[in-house]
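This report refers to the structure that appears directly beneath it.
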Amino acid sequence: MSEISNKLIKLIKNSLHEIYNLELSEESIMIEIPKDTSHGDYSTNIAMRLAKELHKSPREIASGLEDSFKATDFIEKVENAGPGFINFYLKKDSITGIIKTIILEEDSYGKNNFGNIEKVMVEYVSANPTGDLHLGHARGAAYGDTLTRILSFSGYNVLREYYVNDAGNQIETLGNSLFERYKEALGLPFDLSKIGYQGKDVLKLAQGIAKEDGDKWVNDDSDERKDYFKRVGTKLELDKIKVDLDLYRVSFDHYQSELELYRTGKVKNALSELEKSPYTYEQDGALWLKTTDFNDDKDRVLVKSDGSLTYLTPDIAYHKDKFDRGYDHLINIFGADHHGYMARLRAGLKILGYDDNKLEFRIIQIVRLMENGQEVKMSKRTGNAVTIRELCEDVGVDVARYFFISKPIISHLDFDLTLARKQSSENPVYYIQYAYARMNSILSKQSDYEIKDSYQLLNNEKEISLLKHLASFKDTLIDVCKIKEVNILANYAYKLAQLFHSYYNEFKVIDPENIELTKERLALVKSCKICLKNVLNLLGVEAKESM
RNA sequence: GUCCCCUUAGCUCAGUUGGAUAGAGCGUUUGGCUACGAACCAAAAGGUCAUGGGUUCGAAUCCUAUAGGGGACGCCA
């Protein structure tokens, strides 16, 4: 909560207690900044919300509260308006007070303890290590990365995790591909039909092995040889993914290997616990989990009739392990194609006795790449799906990240390449970065602002709007934490840029004729710059001093 | 067939515990650099919030039905 809205909420809470003998939580009291400034600096709808409970009309309730509000030192005027809104007009110095806070806190401005050091694990991307990351991953990566940055900034103890599926069929294929390429590299006959992954780097890696180890593996059909090729192949692919993620400014604290869950017996353990529950049964030679008892549309197989496991089994084990590692809250960021997966995973965890309310899914809707109004299905260069790397090389990391982040994940997204390539106001990233460059430009000309409790000369409408927006930064971050939609912060950045551009065009900051005013305005510009920089850092977009 | 998501200005989209006159950008029309960066700003025009019903002081927002669009439904991962 920003200082001001926090103060107002406390005030309202106390007044309600005093006058109507009501005990309300601070959470249930809403404060907002009215769009129309003639409705005050801040307003609340609390009187309307309580009308039923108190059996009084909203306006009656509001006027009952009014007197107690007037007794404070930071409110100029209170109005009872419309159907029952209470509008607050603040004294000017309580609004300008935010400048001092921002300048003193600097990089920490906006940091808050909403998360209360709760341990939360966020899993995202988790693409199979068998190829490059494509656009769907790009959206999930940008979203997950920004979300975790914001959660950390808001007092959560966050672990960012990538689950590496290094144990399934696709890894088998990868290992085989590598082995055949290895034979090819040695000039021996090889089976092209066994090469599922055609990438050049697989051949390159195979050539490396051939050089290093010679023909020692050629006639080796042991598991040891197979594991070796799988492991080396997986590492190659995962390293490539890491390079691309790094380029995209996305990083993880931990890569969890699926294979390791097998090795450490965690999969076996989870399976035997499931078998002990009353929710498994055998049918057609397979072992089933009765997920239909937990809102799934059909039961799911845990152990196939050939004795191997389905994907679900290690996945339940994985999530059990997440809880066992001590996380209070798990957030899984999945692509839309996985949505059917939620019910069975929840079911598995419930059966094992975990609280599935602590498992939260965020589903990312699909991305379409558009160019000149047409859908781009394949990369022109490679003929395959467009990768993160290609996208970043085409439009830049800042633009790519911002485009993904700026829309709610719930809706389908058309990524418009034509627009993204434009370096103009049509492209919101440049618009925001330009505002930052302007702030910097002013401050590099003159920067002798003063730090003080209030700035009496900042009193035009645009300055007040800017100040109120700056003060609402913390509230915005908390909103993101609550509903986990990071586009709110992107909108915040855009709005800040908009307010600043508008201010810049109407008022001159540096005025040699008016030194006092200049100093105060410079302090405002300085706070805007600090705030915007912090926002951009959270979005993973570069704050450029000049463009 | 079952389930999930979407439908807001000509176009692309915001609008989040239900609130005051539904907002931006693009496009269209107009105006602003002898001024701290015009990659900017100011103004105008543009709406049956897919449609019908319901809930209530109040609905783009919640419920319900219908239409249209997208996606998921394996002893694949």
Side-chain angles (χ1 to χ4, degrees), chain A residues 27-28 30 32 34-36 38-39 43-45 48-49 51-52 57-58 81-85 87 128 130 165 167-171 258 283-288 295-298 300-312 314-315 335-343 363 365-366 368 370 373 406-414 416 419 422-431 433-435 437-446 479-480 482-485 487-488 490-491 494-495 497-498 500-512 518 521-522 525 546-547:
Chain A
E27 287 235 323
S28 59
M30 249 178 86
E32 60 174 17
K35 280 172 266 178
D36 186 339
S38 70
H39 293 141
S43 87
T44 182
N45 60 2
M48 288 178 284
R49 300 178 67 102
K52 223 172 213 175
S57 79
F85 288 99
N87 299 335
N128 290 342
T130 52
N165 291 118
N169 289 336
Q170 74 283 52
I171 299 299
E258 180 184 0
Q283 190 182 305
D284 305 327
L287 184 71
W288 294 73
N295 277 329
D296 200 0
D297 20 336
K298 52 184 93 162
R300 308 290 167 178
V301 171
L302 290 171
V303 184
K304 298 184 230 172
S305 51
D306 68 1
S308 65
L309 303 179
T310 61
Y311 181 76
L312 178 62
D315 225 45
D337 53 341
H338 278 68
H339 98 263
Y341 210 72
M342 298 187 286
I363 299 295
Q365 290 299 328
I366 55 164
R368 278 198 312 173
M370 306 295 284
S406 61
K407 304 279 180 263
I409 54 166
I410 200 168
S411 53
H412 300 190
L413 175 70
D414 284 347
D416 185 342
L419 173 58
K422 281 190 191 165
Q423 301 201 2
S424 73
S425 61
E426 289 176 62
N427 189 329
V429 188
Y430 290 102
Y431 182 82
Q433 288 181 320
Y434 183 48
R438 273 183 156 175
M439 293 168 194
N440 182 60
S441 173
I442 294 172
L443 290 164
S444 64
K445 284 209 159 51
Q446 196 178 333
D479 285 345
V480 174
K482 282 183 187 159
I483 65 175
K484 316 244 171 14
E485 278 292 8
N487 74 302
I488 297 177
N491 292 347
Y494 191 81
K495 176 87 179 180
Q498 205 168 35
F500 184 78
H501 281 310
S502 174
Y503 175 58
Y504 178 94
N505 271 277
E506 188 169 340
F507 299 97
K508 212 163 176 249
V509 173
I510 297 170
D511 179 1
T518 299
R521 286 184 171 169
L522 284 170
V525 174
S546 65
M547 303 181 61

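Labels below follow one simple rule: chain letters A, B, ... track the order of the sequence lines, proteins then strands, and each chain is numbered from 1.
Nucleic acid contact for A/Ser441: base, since at least one base atom lies under 4.0 Å from a heavy atom of the residue. In this structure, A/Phe507 reaches the bases: a heavy-atom distance under 4.0 Å links it to at least one base atom across the strands shown. Within the 4.0 angstrom heavy-atom criterion, base atoms lie near A/Ser43. Across all strands shown, A/Asn295 has no heavy atoms under 4.0 Å from either base or sugar-phosphate atoms. Here A/Ala437 lies in heavy-atom contact (under 4.0 Å) with a base. Residue contacts shown for A/Lys407 are limited to sugar-phosphate atoms, with no base heavy atom under 4.0 Å away. Residue contacts shown for A/Lys508 include a base, since a base heavy atom lies under 4.0 Å away. Nucleic acid contact class of A/Ile483 (heavy atoms, under 4.0 Å, all strands): base.
Ring geometry for A/Tyr341 versus A/His338: interplanar angle over 60°, hence perpendicular rather than tilted (30 to 60°).
To the nearest whole angstrom, the two C1' atoms, one in B/rG32 and one in B/rA67, are 48 Å apart. The gap from the P atom of B/rC57 to that of B/rG47 amounts to 32 Å, rounded to the nearest Å.
Qualifying side chain to side chain donor-acceptor pair (under 3.5 Å) partners for A/Glu32, counting only residues two or more places apart in sequence or in other chains: none. Scored by the side chain to side chain contact (heavy atoms under 4.5 Å, CB included) test, A/Val303 finds A/Leu271, A/Leu287, A/Leu309 as partners (sequence neighbours excluded).
Within the 6.0 Å centre-distance limit, the rings of A/Phe507 and A/Tyr503 are counted as a close aromatic pair.
Taking atom CG on A/Asp479 and atom P on B/rG15, their separation rounds to 12 Å, with Å as the unit. Here the P atom of nucleotide B/rC36 and the OH atom of A/Tyr503 are 15 Å apart, to the nearest Å.
Interatomic distance, A/Asp511 CG to A/Arg521 CZ, rounded to the nearest 0.5 Å: 7.5 Å.
With a cut-off of 3.5 Å on both Watson-Crick or G-U wobble distances, the partner of B/rU34 is given as none. Across all strands shown, the partner of B/rC57 is B/rG19, judged by Watson-Crick or G-U wobble contacts whose two distances both fall under 3.5 Å. Under the Watson-Crick or G-U wobble criterion, with both distances below 3.5 Å, B/rU64 is paired with B/rG52.
Close to B/rA39, at under 4.0 Å from its OP1 or OP2, lies no side-chain N or O of A/Tyr430. Within the 4.0 Å cut-off from OP1 or OP2 of B/rG25, not a single side-chain nitrogen or oxygen of A/Asn427 is found. An OP1 or OP2 oxygen of B/rU17 is reached within less than 4.0 angstrom by no side-chain nitrogen or oxygen of A/Arg49. Checking the phosphate oxygens (OP1, OP2) of B/rC41, a side-chain nitrogen or oxygen of A/Tyr431 falls inside 4.0 Å.
One cannot find a donor-acceptor pair under 3.5 Å joining the base of B/rA14 and the side-chain atoms of A/Ser406.
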At under 4.0 Å between heavy atoms, how does the protein contact nucleotides 67-77 of chain B? Give one character per nucleotide, 5' to 3', with B, S or -.
---BBSSSBSB
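A cation-pi arrangement is present between A/Arg438 and A/Tyr504, with the terminal nitrogen or guanidinium carbon under 6.0 Å from the aromatic centre and inside a 45° cone about the axis.
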